[in-house]
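Scope of the values below: all heavy atoms of this structure, side chains included, with no hydrogens, waters or symmetry mates.
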Amino acid sequence: MTFRKFLRMYNKFVLPTVILVICIIAVFSGIVPAVRSIQNQYIEQDALNKEIAVIRKKVQTLEALDENTLRRQVIDLMTAVPPSKQLPSVFSTLDSVALQSGVTVDSMSMGSSGNIASDSSSAASSLSRSTSGLLDIEMSVNGTSDQAKQFLDTLADVRRFVRVNSFSAGYGEDGLVKMGLLLDAFYAPYPKTLGKSGDLLEPFTANEEVLLSQVARMPLISQELAQYESLPPVEYGNKADPFSY
């Protein structure tokens with residue numbers, strides 16, 4: 001069968017077939033990519049809308065807070081758990097607590113090197129793991145039983161968090177209580193990265209507000225931490241309001 005005879009027999013199907021092939025090519029080369037592009041744009045727009053909603057909620061949360069109150073709370077927390085090891089503040093706090101309670105300090109030294117807390121520490125608790133770091137302090141004091149009790153009570157109520165990890169006590173020949181303590185002094189370095197714009201920012205819960213009030217009422221007896229009592233004002237560049245346009 002010659003080609004001309006083939007065309008004469010099937011000429012009615014040639015043109016529709018050519019059109020069909022062209023349509024299929026057009027669908028896969030143009031329409032399908034266009035649909036995928038529209039879908040991707042919709043997904044990106046939906047993600048942006050969600051992020052914008054979170055940012056708006058953040059702005060509303062921040063606008064409902066008083067900056068001076070926030071600065072006061074930051075200072076209270078920084079003096080309770082400093083952003084660095086602040087060894088002088090630890091020793092001055094322990095000295096002041098000993099002076100207030102009347103006990104005599106026999107010795108005071110660093111235990112371990114004060115490195116970041118890890119799971120290898122057998123004495124680590126949930127509180128230890130929730131903080132960024134701790135310092136190990138070894139201390140020996142002596143005094144009457146009432147003075148020893150007063151020392152422990154006062155230590156738990158001052159604004160430079162020091163926890164009694166373990167202690168041993170016994171009476172000496174002079175009738176005084178001799179007490180050896182292993183203490184944990186906490187610190188929390190500044191974060192190295194900021195959260196993402198899409199991260200939620202929730203206002204303080206009632207329990208957190210109570211905790212902040214309790215920390216604020218704790219006496220600050222370490223002069224080394226007094227520098228945090230007057231933080232420099234926050235600078236926003238040339239704008240007084242960072243959210244204004």
Roughly how far, to the nearest 0.5 Å, is the CZ atom of F151 from the OG1 atom of T144? 13.0 Å
Closest non-hydrogen atom pair, K178 against G172: CE-CA, 4.1 Å
So, taking the atom named CD1 in I52 and the one named CD in Q45, what distance separates them when rounded to the nearest 0.5 Å? 9.0 Å
Do side-chain atoms of R163 reach the backbone of D184 as a donor and acceptor pair under 3.5 angstrom? no
Same apolar cluster: V74 and Y190, side chain cutoff 4.5 Å: yes
Spell out, yes or no, whether M108 and L99 are grouped together once hydrophobic residues are joined by side-chain heavy atoms under 4.5 Å, including indirect joins. no
Could you give me the CA-CA distance, side-chain angles and deciding distance for V177 and Q147, then say whether side chain to side chain contact (heavy atoms under 4.5 Å, CB included) is met? CA-CA 9 Å; V177 174; Q147 290 173 337; over 6 Å; no
Give me the atom names and distance for the closest heavy-atom approach of R160 to S89. NE-OG, 3.1 Å
Which distance, rounded to the nearest 0.5 Å, do you find between the CG of N165 and the CD of E138? 11.0 Å
Closest non-hydrogen contact found for F167 with V164 is CD2-CG1, 4.1 Å
Tell me, with the steps shown, if K149 and S145 meet side chain to side chain contact (heavy atoms under 4.5 Å, CB included). CA-CA 6 Å; K149 181 179 182 301; S145 58; over 6 Å; no
Considering only heavy atoms from C-beta outward, does the side chain of L220 approach that of D76 to under 4.5 Å? no
Do V97 and L176 belong together in a cluster built from hydrophobic side chains that touch within less than 4.5 Å? no
Atom OG1 in T79, atom CG in L77: separation rounded to 0.5 Å? 7.5 Å
Exercise: identify the closest heavy-atom pair between T154 and V158: O-CG1, 3.3 Å
Examine distances only and state if a side-chain atom of D46 and a backbone atom of Y42 form a donor-acceptor pair shorter than 3.5 Å. no
Are L70 and Q73 packed together at the side-chain level, in the sense that at least one heavy-atom pair is separated by less than 4.5 angstrom? yes
Beyond-backbone contact of D146 with Q150, side-chain heavy atoms, under 4.5 angstrom: no
Could you tell me if the side chain of L87 sits less than 4.5 Å from the side chain of M110, heavy atoms only? yes
Single-linkage hydrophobic cluster V103~Y171, side-chain heavy atoms < 4.5 angstrom: no
Side chains of L183 and V90: does their closest heavy-atom pair fall under 4.5 Å? no
Rounded to the nearest 0.5 angstrom, the NZ-CG distance for K50 and L48 is 11.5 Å
Report yes if the side chains of L152 and L181 come closer than 4.5 Å at any heavy-atom pair, otherwise no. yes
To the nearest 0.5 Å, what is the distance between CD1 on I75 and CZ on R159? 9.0 Å
Establish whether L182 and Y187 are linked, either directly or via other cluster members, by ILVMFWY side-chain heavy-atom contacts under 4.5 Å. no
Which atom pair, heavy atoms only, marks the closest approach of V105 to A98? CG2-CB, 3.6 Å
State, yes or no, whether a side-chain contact exists between I137 and V162 at a heavy-atom distance under 4.5 Å. no
Please give me the minimum heavy-atom distance between V141 and M139, naming the atom from each residue. CG1-CE, 3.7 Å
